[in-house]
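Starting from 1, each residue takes its place in the sequence as its number.
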Amino acid sequence: MRRVVVTGMGAITPMGLNVNDYFENVKAGNHGFGIISSFDSTEFKVHTAAEVKGFVAKEYMDPKAARRMDKFAQYAVAAAKEAIEDSGLDMTKEDPYMVGCSIGSGVGSLERTEIEYEKMVTKGPSRMSPLMVPLLISNMAAGNVSIAYGLKGKSLNVVTACATGTHSIGEGYRSIQVGDADVMVSGGTESAVCRLGVAGFSALTALSTIEDPNRCSIPFDKDRDGFVMGEGAGVIVLEELEHAKARGAKIYAEVVGYGATSDAYHITSPAEDGMGAVVAMKRAVEESGAALDDIMYINAHGTSTHLNDLCETRAIKTLFGEHAKEMKVNSTKSMIGHLLGAAGAVEFITCVKEMQESYIHVTRGLENPDEECDLDYVQGHGIEMDIDYALSNSLGFGSHNASILIKKYRG
């Protein structure tokens, strides 16, 4: 198998419209929560979200092209722009059929569905946009990124709900390993903070109803009551090691393991014993050749829902045994909420930045850990710590589990 490294990163988040601004806010322990501004939520049970602020699509792409994309695709193109520029990749010097794209969205454009349905019932079907379908279908994130940057290789849209971002990166990694591509622009994107999205997840009782931004997203806390909807995109450039070295690319980290499983249990609830997550993590670690005791840090899925946090904690303790008590576990969702299909990709970027800066961020808002959530969740403040390996977990509705292992690159 060929070795795969990270050579570029880009992010659009509720705490910054590029990787550096985002991570400065992470280190400062800030949050991106606030009262929903994109629509009037007065009649809704949920009033809080983590929205992207100040994003202007035409600053990242051709204005005409931007008008043919909904926000989830615009976010992906913008994050890909930063990642590709960061990587120094020059497509005029590449075989375009060996540069692919693996960018997923969990739900596509719920907002476009809402807008066009309303047109149909109030004005008639003839008034609907002829672009409705290409605006809303989830593969248009990968499609528009490929078109914008001339990526003619494998183009994938993985859709596994909240595990989408991690699966997308994992499948990009696999594509390079086996020789299907030399470079894969990979990640996830989402923009579901709209009436239909918030109402739907609220009806499922998945969302927090707390409006206090310091207590609305509190993974592993016994007072947690659901996740906060977030939005944004995370995109990375994955590259075969020798290809990256040949062009003198800077290398941020190496991807060394990927595990994907299904609980085959329930459409929304994780298996109570966490065994699907156990096997996903185990496969990622085994592939790397590392020992379980070598893993000292996990970026947890950590949604702030009762069952997820409990079952993920059980899974970590099942796999790592007594060593689990020595590990650091945190949740980026405590700061930016749940970005659904983009979550795993932004959390992957967070892991790489933490590895670079030898810093593990706080699980913000955690005050009263659940009795069974008894690991070290980096409560109170972030810590300085060298990180050789970072394991990132994503668990999605539909019983999907994905774990990806990142290693500090040492040549």
Side-chain angles (χ1 to χ4, degrees), residues 8-26 30-41 48-86 103-115 131 134-136 138 140-145 147-149 164-165 185 187-198 213 228-236 332-333 335-347 349-350 353:
M9 300 189 293
I12 299 292
T13 79
M15 293 205 307
L17 303 181
N18 58 68
V19 170
N20 286 335
D21 287 352
Y22 161 67
F23 196 68
E24 286 301 311
N25 277 305
V26 168
N30 295 330
H31 68 78
F33 307 123
I35 299 300
I36 295 169
S37 64
S38 56
F39 66 92
D40 182 358
S41 65
T48 303
E51 296 174 286
V52 168
K53 307 162 193 73
F55 178 81
V56 180
K58 66 182 180 181
E59 294 179 1
Y60 300 89
M61 65 201 79
D62 175 72
K64 183 178 179 181
R67 289 193 294 272
R68 293 172 176 265
M69 302 179 211
D70 259 22
K71 284 191 294 185
F72 80 99
Q74 292 175 349
Y75 292 164
V77 172
K81 181 178 190 294
E82 181 186 5
I84 291 169
E85 290 177 352
D86 182 41
I103 297 177
S105 170
V107 296
S109 183
L110 291 179
E111 185 175 26
R112 181 55 50 181
T113 304
E114 174 188 305
I115 290 168
L131 292 177
L135 283 168
L136 70 85
S138 62
M140 283 300 169
N144 277 297
V145 168
I147 291 165
Y149 300 106
T164 293
V185 178
T189 186
E190 208 77 86
S191 179
V193 183
C194 62
R195 290 177 298 167
L196 191 60
V198 172
V228 176
M229 183 89 79
E231 61 178 354
V235 176
I236 64 169
T332 302
K333 294 178 181 71
M335 298 180 172
I336 58 173
H338 194 343
L339 275 58
L340 307 181
V346 173
E347 289 157 12
I349 290 168
T350 306
K353 291 295 291 182

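To the nearest 0.5 Å, atom CD1 of residue I236 and atom CG of residue D86 are 11.5 Å apart. Expressed to the nearest 0.5 Å, how far CZ of R67 lies from CG of L135 amounts to 12.5 Å. Atoms NZ and OG1, on K53 and T13 in that order, are 8.0 Å from each other to the nearest 0.5 Å. Considering CZ of R68 and CD1 of I147, their distance stands at 10.5 Å, rounded to 0.5 Å. Rounded to the nearest 0.5 Å, atoms OG (S38) and CZ (R195) are 10.0 Å apart.
For N30, the side-chain hydrogen bond (donor to acceptor under 3.5 Å, both in side chains) partners are N25, not counting sequence neighbours. Under the rule for a side chain to side chain contact (heavy atoms under 4.5 Å, CB included), the partners of A343 that lie at least two apart in sequence or sit in another chain are K333, H338, L339, E347. Shown here are the ring pair (Phe, Tyr, Trp, His ring centres under 6.0 Å) partners of Y22, two or more places apart in sequence or in another chain: there are none. Qualifying side chain to side chain contact (heavy atoms under 4.5 Å, CB included) partners for T113, counting only residues two or more places apart in sequence or in other chains: L136, L196. Taking E59 as the reference, nothing meets the salt bridge (Lys or Arg N to Asp or Glu O under 4.0 Å) condition, with sequence neighbours excluded. By the side-chain hydrogen bond (donor to acceptor under 3.5 Å, both in side chains) test, N18 is found to be paired with D21, residues two or more places apart in sequence or in another chain being considered. Residues satisfying the salt bridge (Lys or Arg N to Asp or Glu O under 4.0 Å) criterion with E51, sequence neighbours excluded, are absent altogether. Annotation: side-chain hydrogen bond (donor to acceptor under 3.5 Å, both in side chains) contacts of S191 (sequence neighbours excluded): E231. By the side chain to side chain contact (heavy atoms under 4.5 Å, CB included) test, I115 is found to be paired with E111, R112, K119, residues two or more places apart in sequence or in another chain being considered. Residues satisfying the side chain to side chain contact (heavy atoms under 4.5 Å, CB included) criterion with A76, sequence neighbours excluded, are I103, A141, V145, T189. The ring pair (Phe, Tyr, Trp, His ring centres under 6.0 Å) check on F72 picks up nothing, with sequence neighbours excluded. The ring pair (Phe, Tyr, Trp, His ring centres under 6.0 Å) test applied to Y149 returns no partner, not counting sequence neighbours.
Closest heavy-atom contact between A83 and G10: CB-N, 3.6 Å. Among all heavy-atom pairs drawn from V19 and E82, the shortest one is N-OE2, 3.0 Å. Nearest approach of V228 to A50, heavy atoms of both residues: CG1-N, 3.9 Å. V198 and I36 make their closest contact through CG2-CD1, 4.2 Å (heavy atoms, listed as atom of the first residue, atom of the second, distance). In terms of heavy atoms, A79 sits closest to A11 at CB-N, 4.1 Å. Across all non-hydrogen atoms, the minimal contact from A66 to Q74 is O-NE2, 2.9 Å.
In terms of modelled atom types and a separation under 3.5 Å, the side chain of N144 and the main chain of M140 share a donor-acceptor contact. Between the side chain of E190 and the main chain of A342, no donor-acceptor pair closer than 3.5 Å is present.
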side-chain contact (heavy atoms from CB on, under 4.5 Å) between M61 and K81, intermediate numbers included: CA-CA 9 Å; M61 65 201 79; K81 181 178 190 294; over 6 Å; no

Stepwise side-chain contact (heavy atoms from CB on, under 4.5 Å) check, T164 with L340: CA-CA 8 Å; T164 293; L340 307 181; over 6 Å; no

Check against side-chain contact (heavy atoms from CB on, under 4.5 Å), I35 and T48: CA-CA 5 Å; I35 299 300; T48 303; 4.1 Å; yes

Working for side-chain contact (heavy atoms from CB on, under 4.5 Å), residues C194 and L110: CA-CA 7 Å; C194 62; L110 291 179; 3.9 Å; yes

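Ring geometry, F55 versus Y75: the interplanar angle exceeds 60°, so the pair is classed perpendicular (tilted spans 30 to 60°).
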